[in-house]
Amino acid sequence: MPDITLRPAHPADWPAVETLLTAHNLPLAGAREHLSTFLVAESGGEVVGCAGVEPHGELALLRSVAVTPGRAGQGIGQAMVARLLQEAQRRPFRAVYLLTTTARDWFQRLGFQSADRASVPPALQ
C-alpha cells in the first residue's frame, strides 16, 4: 500500500465517508457524530477508505469499514482495522465489538469471533 496514507478523519471528509458508507449499504446513523473516531485511507488526495471505533464507555463498536470498490482487495480495510484496534488497546476499552451481516468471513479472518447478536451489550445494538 505504498500510495495509501491512513489518517484521522476530519469534518471535511464527511461527504466522502458518507458516499463510501452509502455505496456499501452501511448505516449512516451515528457515523457523522462519531467522525472524530474514524480513520480514512487517502490516495492522491482522495478518500478511498474509512473505518471507525465508536466508544461506549468501556466498550467500543468497530463500524463503517468501507473501501472504494476499485481499491478492494489491496489490504486497505485490513490496515485500517489493525490501526484502530491498536489504538483501542491504548484506551480503557474492555472489549471491541462489531455488527455485520455481510462481511462475517472477512472479519473472522482478522481474528473476530462470531456471536449471537442478542449477546451484544444493549449499548452497542
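Here the structure is a predicted model, which is why all the values come from computation and not from measurement.
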When rounded to the nearest 0.5 angstrom, what is the spacing between [atom1] in [X] and [atom2] in [Y]?
{"X": "Thr37", "Y": "Leu84", "atom1": "OG1", "atom2": "CG", "answer": "8.0 Å"}
{"X": "Arg91", "Y": "Gln89", "atom1": "CZ", "atom2": "CD", "answer": "13.0 Å"}
{"X": "Leu35", "Y": "Asp13", "atom1": "CG", "atom2": "CG", "answer": "6.5 Å"}

Contacts of [X] that satisfy side-chain contact (heavy atoms from CB on, under 4.5 Å) - sequence neighbours left out:
{"X": "Arg32", "result": "Trp14"}
{"X": "Leu85", "result": "Val81, Val96, Phe112"}
{"X": "Ser43", "result": "Asp3, Ile4, Val48, Arg71"}

Query raised in the report: Would Val40 end up clustered with Val65 when hydrophobic side chains under 4.5 Å apart are linked, directly or stepwise?
Result: no
Closest heavy-atom contact between [X] and [Y]?
{"X": "Phe38", "Y": "Ala31", "value": "CE1-O, 3.9 Å"}
{"X": "Phe93", "Y": "Ala88", "value": "CD1-O, 3.6 Å"}
{"X": "Gly30", "Y": "Glu54", "value": "O-OE1, 4.3 Å"}
{"X": "Gly49", "Y": "Met80", "value": "C-SD, 3.7 Å"}

Kindly list each side-chain donor-acceptor pair under 3.5 angstrom involving residues 16-28, sequence neighbours excluded, with atom names and distances?
residue: Thr19; atom: OG1; partner: Pro15; partner atom: O; Å: 2.9
residue: Thr22; atom: OG1; partner: Glu18; partner atom: O; Å: 2.9
residue: His24; atom: NE2; partner: Val67; partner atom: O; Å: 2.7

Query raised in the report: Tell me the salt bridge (Lys or Arg N to Asp or Glu O under 4.0 Å) pairs involving residues 75-84, sequence neighbours left out?
Result: none
Query - Partners meeting side chain to side chain donor-acceptor pair (under 3.5 Å) with Thr68 (sequence neighbours left out) - result: none
